[in-house]
Amino acid sequence: MLSAFCVKCAHSPCDRMGAPVSSRILKMCRYLASCGILMNRVPTLKTPRHCHAQQRNFFNIAGPLINKKKEYSERRVIGFSMLEMYNVVSGVADYKHFVPWCKKSDVISKRSGYAKAQLEVGFPPIVERYTSVVTLVRPHLVKASCTDGRLFNHLETNWRFSPGVPGYPRTCTVDFSISFEFRSLLHSQLATVFFDEVVKQMVAAFERRAKKLYGPETNIPRELMLHEVHHT
């Protein structure tokens, strides 16, 4: 406030009523100016025009440094059988009831070892509709690939089921992996949201679905539990 007032004084030695300004105030202004205080403060009140251009270009400059392709994998021993987990994962038509952010899941064709489904995934602020081609190998594998998405250039998920803990027949080892790549650098900024809100919650969501369909899971001793996560 002081610097703004002194600037006015320096330009006009009279107040609005035309009365002379106190010589003491004028001396103070001259002193502050000689110390460089006014010179340092006044320019900060103005924003250089090129600052806005730098802000608009910053995203474009940072964009190419971002790796659009992301991969995530998770291995976990679960207290359900291979067939139970396979049935949950291969039931694509039910995804809309429990998969994070899945709004629609309609199977449009199906035959032995193969299915095609239309999915809609909505996570703020994007809604993506795409066709998924599903490969089925009962009870070992469920593989799904996106074929015509507008948001994703590449999206593939793999579920593999293998025997679990020896001596505990109603257990299995689940290997889940997903790789995806957004079509544009703008959309690649959503990678963190997609990871936190969808990918990282995927296995847990299917495990909860298995509990709902098949009841409580087998209790596995803590020392025999396994849970590994990798992502790039």
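For the single chain, residues carry numbers from 1 onward in sequence order.
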Yes or no on side-chain contact (heavy atoms from CB on, under 4.5 Å) for L213 and V88, after CA distance, side-chain angles and deciding distance?
CA-CA 9 Å; L213 295 178; V88 172; 4.1 Å; yes
What's the spacing between [X] [atom1] and [Y] [atom2] if we round to 0.5 Å?
X	Y	atom1	atom2	answer
C146	E128	SG	CD	6.0 Å
T131	D148	OG1	CG	3.5 Å
T135	E156	OG1	CD	8.5 Å
S145	L155	OG	CG	8.0 Å

side-chain contact (heavy atoms from CB on, under 4.5 Å) for V127 and V121? Distances and angles first, verdict last.
CA-CA 6 Å; V127 174; V121 179; over 6 Å; no
Kindly indicate, with the supporting measurements, whether the criterion side-chain hydrogen bond (donor to acceptor under 3.5 Å, both in side chains) is fulfilled by E74 and H231.
CA-CA 9 Å; E74 183 174 349; H231 61 85; over 6 Å; no
Close aromatic pair by centroid cut-off 6.0 Å: F176 and F206:
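For F176 and F206, the ring centres are not under 6.0 Å apart.
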Go through Y72 and K200 one step at a time and tell me if the side-chain contact (heavy atoms from CB on, under 4.5 Å) criterion holds.
CA-CA 8 Å; Y72 175 92; K200 290 182 179 180; 4.1 Å; yes
Heavy atoms only: give me the nearest [X]-[Y] pair and the separation to one decimal.
X	Y	result
Y86	L141	CE1-O, 3.5 Å
I78	I220	C-CD1, 4.0 Å
H140	M82	ND1-CE, 3.4 Å

Under a single-linkage definition using a 4.5 Å side-chain heavy-atom cutoff for Ile, Leu, Val, Met, Phe, Trp and Tyr, are [X] and [Y] assigned to the same hydrophobic cluster?
X	Y	answer
V165	F80	no
V229	M225	no
V203	V77	no
Y214	F98	yes

Any idea how F180 and F152 line up, ring-wise: parallel (<30°), tilted (30 to 60°), or perpendicular (>60°)?
perpendicular
Taking N153 for the side chain and E181 for the main chain, is one N or O donor matched with an acceptor at less than 3.5 Å?
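No; judged by distance alone, with no hydrogens or angles, the pair does not exist.
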Quick check against the 3.5 Å criterion: does Y95 have a side-chain atom that pairs as donor or acceptor with the backbone of V89?
yes
Would you say the side-chain atoms of H230 and E71 include a donor-acceptor pair closer than 3.5 Å?
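H230 vs E71: no donor-acceptor pair found between side chains.
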All pairs passing side chain to side chain donor-acceptor pair (under 3.5 Å) where residues 111-120 contributes a residue, at least two apart:
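Counting only pairs at least two positions apart or across chains, the side chain to side chain donor-acceptor pair (under 3.5 Å) contacts touching residues 111-120 are E120-R129.
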Can you pull the side chain to side chain donor-acceptor pair (under 3.5 Å) pairs that have at least one residue in residues 160-179, sequence neighbours excluded?
R75-D175, E84-R170, H154-S179
With a 4.0 Å cut-off on N to O distance, would you call K211 and E217 a salt bridge?
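Yes, K211 and E217 are salt-bridged.
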Can a salt bridge be assigned to the pair E207 and R76 using a cut-off of 4.0 Å between side-chain N and carboxylate O?
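Between R76 and E207 there is a salt bridge, with a charged N closer than 4.0 Å to a carboxylate O.
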Pairwise salt bridge (Lys or Arg N to Asp or Glu O under 4.0 Å) hits with a residue in residues 87-110, at least two apart:
D94-R209
Please report the C-alpha distance between F161 and V174 in whole Å, then the side-chain angles of each, then the deciding distance to 0.1 Å, and finally whether the side-chain contact (heavy atoms from CB on, under 4.5 Å) criterion is met.
CA-CA 5 Å; F161 311 104; V174 175; 4.0 Å; yes
